Each structure stands twice: as structure tokens, then as C-alpha cells.
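Numbers here are sequence positions counted from 1. When a ligand or atom number is given, it counts from 1 through the structure's own listing order. Predicted, not measured: the structure shown is a model, and the values here were computed from it.
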Amino acid sequence: MVNFIIDGKKISAAEGTMILEAARANSISIPTLCAHETVSRSGACRLCVVEVKKGKRAKIVTSCLYPVEEGIIVETKNERVMNVRRLVLQLLMARCPESEVICELAKEIGIETQPRFIPDKDKGKCILCRSCVRVCEEIVGVSAIGFSCRGADKTIGPPFNEDSAVCIGCGACAYVCPTGHIQMEATEDTRKIWGRTFKMKKCDVCGRYFAPEDQLKYISKKTGVPLKELAICTNCR
Ligand code: SF4
Ligand code: FES
């Protein structure tokens with residue numbers, strides 16, 4: 001076990017635990033956007049910054065990627081941290097002025113809605129955190145989406161912004177997206193995402209539409225479970 005202090009509270013945690021998890025386990029809240037429990041960390045949003053003091057040295061780190069160390073003193077809300085967090089949020093607000101999640105976080109720490117930086121009009125709600133790409137690669141195993149273009153023009157989507165032939169319509173990308181950038185529209189028997197419309201499968205028992213047919217075919221192919229056995233929704237299993 002490693003012993004350290006967060007916001008004046010003595011804490012012990014297993015070696016390798018990130019400061020973010022150690023803080024949360026002790027009811028100390030740190031705001032986050034890109035740290036989703038289902039995907040590996042990217043440290044992209046920088047919202048989870050904290051100050052770590054080791055001896056006489058103090059530095060600002062991202063708490064979702066910084067493991068606890070013996071004897072460190074962590075501050076999650078001191079003046080220096082709040083100044084950095086405010087700046088990060090102002091930049092995120094300028095990139096994604098339509099994101100309700102970002103505006104709400106900004107309001108919570110007392111940032112007025114008047115933008116400090118000139119807002120972009122063409123980025124939607126995407127903060128380029130890559131969580132959607134990671135879940136598609138790491139969990140689903142499909143890699144249907146990625147970044148295209150560079151620098152300020154970087155966007156997320158299927159290659160060449162064309163309909164993806166490999167997307168199975170599972171919606172995992174929309175689920176992990178912290179800002180609501182990914183649009184997924186559903187009717188009773190269809191789901192529309194990334195420009196493609198997927199036909200939904202009806203549960204053989206209750207008759208409810210529950211998953212895209214392409215997703216079930218993909219799972220069947222990957223796992224060897226016959227498609228017939230996958231045609232029952234989780235409620236009826
Ligand atoms: S679409 Fe969402 S999850 Fe994907 S990079 Fe943008 S903000 Fe992150
Ligand atoms: S939550 Fe840590 S960098 Fe985004």
C-alpha cells in the first residue's frame with residue numbers, strides 16, 4: 001500500500017492506483033471528461049488536473065494518468081489548480097460552444113458564459129478525446145472510426161467520411177462520448193449512426209427490437225455462438 005495526502009486527508013491505496021481513483025474512493029471529486037471506465041486513458045481533456053507536491057517541488061499533473069506515490073501531497077482545488085482548470089474549460093468552451101456538458105462544468109466552477117476565446121463554429125461537440133476510437137478498437141474490435149485531417153481541421157468519423165463498411169451499429173462510440181457529439185437516432189426497428197441505417201433485430205421471446213442485426217452477426221462470427229441463440233434480448237435470457 002502507498003500512503004499519501006489528498007486535500008489534507010490521509011489516504012492509503014494500492015500501488016498503481018491513479019490519483020483520480022484514489023480521490024473518488026475517498027469522496028473527493030475531480031471533474032473529468034475523457035476518463036471513461038471502459039476505455040484506456042488518453043489524458044486528452046486535461047480537466048482532471050491536480051497539483052502534486054513531492055518534497056519542495058510542486059507540479060500540475062493529470063490525475064487520471066498519474067499513479068499515487070508514497071508521501072506525495074495532492075491538492076485538487078487550490079488556486080493554481082483552479083486557474084489551470086478554468087483555462088482548460090475556457091478553451092474547451094471555445095472549441096465546443098454547443099456542448100451542454102462543457103457549459104455545465106464551466107458554470108459549476110463559476111466561469112461566466114461570455115467566451116474568453118473566439119468560439120469555433122464547425123467542431124460540433126467533439127473535444128478529440130479519442131474515447132470513441134478506443135472503444136471501437138479495444139472493446140468492439142472493429143475500428144470503424146478514426147481521425148481524419150490534421151491540426152485545426154482534425155475530425156472524427158469513418159474513413160474519408162464515407163459510410164463505414166465495417167461499422168456494426170453497436171453505438172459503443174456514442175455511449176462513451178463525454179460530450180454528446182455522436183448522433184445516434186433510433187426508430188422502433190432501425191438505428192442510424194455515422195450516416196448508416198441499421199436494421200434492428202426483434203427478440204424471439206418478447207418481440208422487442210433490441211440490437212442491430214449486423215452487431216449480432218458480428219458477435220456470432222467472433223464467438224462461434226449460433227445466431228439463433230443470440231436472438232433473445234437480455235431481459236428474456
Ligand atoms: S466524438 Fe466524442 S468520444 Fe469521439 S473524440 Fe469526439 S468527444 Fe471524444
Ligand atoms: S479526465 Fe484526465 S485528462 Fe481527461
Side-chain angles (χ1 to χ4, degrees), residues 6 17-25 28-52 59-68 74-77 81-82 84-106 108-109 119-120 122-140 142-159 161 164 167 169-185 192-196:
I6 305 183
T17 306
M18 299 300 151
I19 291 176
L20 177 65
E21 274 70 36
R24 284 181 173 169
I28 297 167
S29 69
I30 298 174
T32 58
L33 271 175
C34 70
H36 197 282
E37 66 272 18
T38 56
V39 285
S40 60
R41 302 265 162 99
S42 64
C45 76
R46 321 305 288 180
L47 197 60
C48 67
V49 286
V50 296
E51 187 185 69
V52 170
K59 58 180 175 181
I60 295 285
V61 303
T62 45
S63 62
C64 69
L65 282 174
Y66 198 93
V68 295
V74 181
E75 295 284 348
T76 72
K77 292 171 190 67
V81 170
M82 292 312 285
V84 178
R85 201 172 284 155
R86 267 191 280 273
L87 178 65
V88 168
L89 268 169
Q90 279 158 335
L91 288 165
L92 288 170
M93 277 172 84
R95 179 180 170 86
C96 308
E98 296 158 24
S99 169
E100 301 81 1
V101 179
I102 293 171
C103 291
E104 198 50 45
L105 283 164
E108 275 168 27
I109 66 166
D120 284 329
D122 58 345
K123 305 290 189 297
K125 299 176 185 174
C126 181
I127 59 166
L128 300 177
C129 70
R130 219 172 173 272
S131 292
C132 54
V133 180
R134 281 163 190 261
V135 79
C136 195
E137 263 171 29
E138 296 171 8
I139 310 291
V140 187
V142 162
S143 298
I145 48 175
F147 286 134
S148 31
C149 303
R150 282 164 186 244
D153 295 329
K154 212 184 222 186
T155 53
I156 200 81
N161 275 329
S164 165
C167 180
C170 68
C173 53
Y175 172 69
V176 299
C177 177
T179 57
H181 177 73
I182 299 171
Q183 300 291 314
M184 189 165 75
E185 289 161 31
K192 201 172 167 193
I193 188 164
W194 297 119
R196 271 186 65 193

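When every heavy atom of P178 is checked against every heavy atom of I127, the shortest pair comes out as CG-CD1, 4.3 Å. Taking all atoms of both residues into account, the shortest heavy-atom contact from P119 to P97 is CB-CG, 3.9 Å. The shortest non-hydrogen separation linking L20 to I30 is CD1-CB, 3.8 Å.
C126 lies close to atom 6 (Fe) of ligand 1, since one of its N, O or S atoms is found at a distance under 2.8 Å.
Close approach of ligand 1 to I156 (heavy-atom distance below 4.0 Å) involves ligand atoms 1 (S). Atoms of ligand 1 found under 4.0 Å from any heavy atom of H181 (numbered from 1 in listed order, with element): 1 (S). Below 4.0 Å from some heavy atom of C132 lie the following atoms of ligand 1, by number and element: 1 (S), 3 (S), 4 (Fe), 5 (S). Atom numbering of ligand 1 starts at 1 in the shown order; those under 4.0 Å from a heavy atom of T179 are 7 (S). Proximity to R130 (heavy-atom distance under 4.0 Å) selects the following atoms of ligand 1: 5 (S), 8 (Fe). Remark: ligand 1 atoms within the under-4.0 Å shell around heavy atoms of I182 are 1 (S).
Atom 8 (Fe) of ligand 1 has its closest protein heavy atom at C129 SG, 2.3 Å. C177 SG, 2.4 Å is the protein heavy atom nearest to atom 2 (Fe) of ligand 1.
A salt bridge links E21 with R41; the closest basic N to acidic carboxylate O contact falls under 4.0 Å. Salt-bridge annotation for K125 and E100: present, with a side-chain N of the basic residue lying under 4.0 Å from a carboxylate O of the acidic one.
Using a 4.0 angstrom heavy-atom cutoff, G180 does not count as in contact with ligand 1.
Atoms of the protein (N, O or S only) found under 2.8 Å from atom 4 (Fe) of ligand 2 are C34 SG, C45 SG.
Counting heavy atoms of neighbouring residues, nucleotides and ligands inside a 6.0 Å radius, atom CZ of F147 exceeds 12 of them. For K192, the NZ atom is loosely surrounded, since the number of other residues' heavy atoms within 6.0 Å does not exceed 12.
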Checklist entry - Can you check side chain to side chain contact (heavy atoms under 4.5 Å, CB included) on I60 and R46, steps first, answer last? => result CA-CA 10 Å; I60 295 285; R46 321 305 288 180; over 6 Å; no
Next on the checklist: M184 vs Y175, test: side chain to side chain contact (heavy atoms under 4.5 Å, CB included). Steps then yes/no.
Outcome noted: CA-CA 10 Å; M184 189 165 75; Y175 172 69; over 6 Å; no
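Side-chain contact annotation: T179 with R95, donor-acceptor N/O pair under 3.5 Å absent.
For the pair R130 (side chain) and S42 (backbone), a donor-acceptor distance under 3.5 Å is absent. Although no hydrogens or angles enter the test, the distance criterion places no donor-acceptor pair under 3.5 Å between the side chain of S63 and the main chain of I19.
Contact annotation for I127 and ligand 1: heavy atoms of both the backbone and the side chain come within less than 4.0 Å of the ligand. Only backbone heavy atoms of L128 (N, CA, C or O) come within less than 4.0 Å of ligand 1; its side chain stays farther off.
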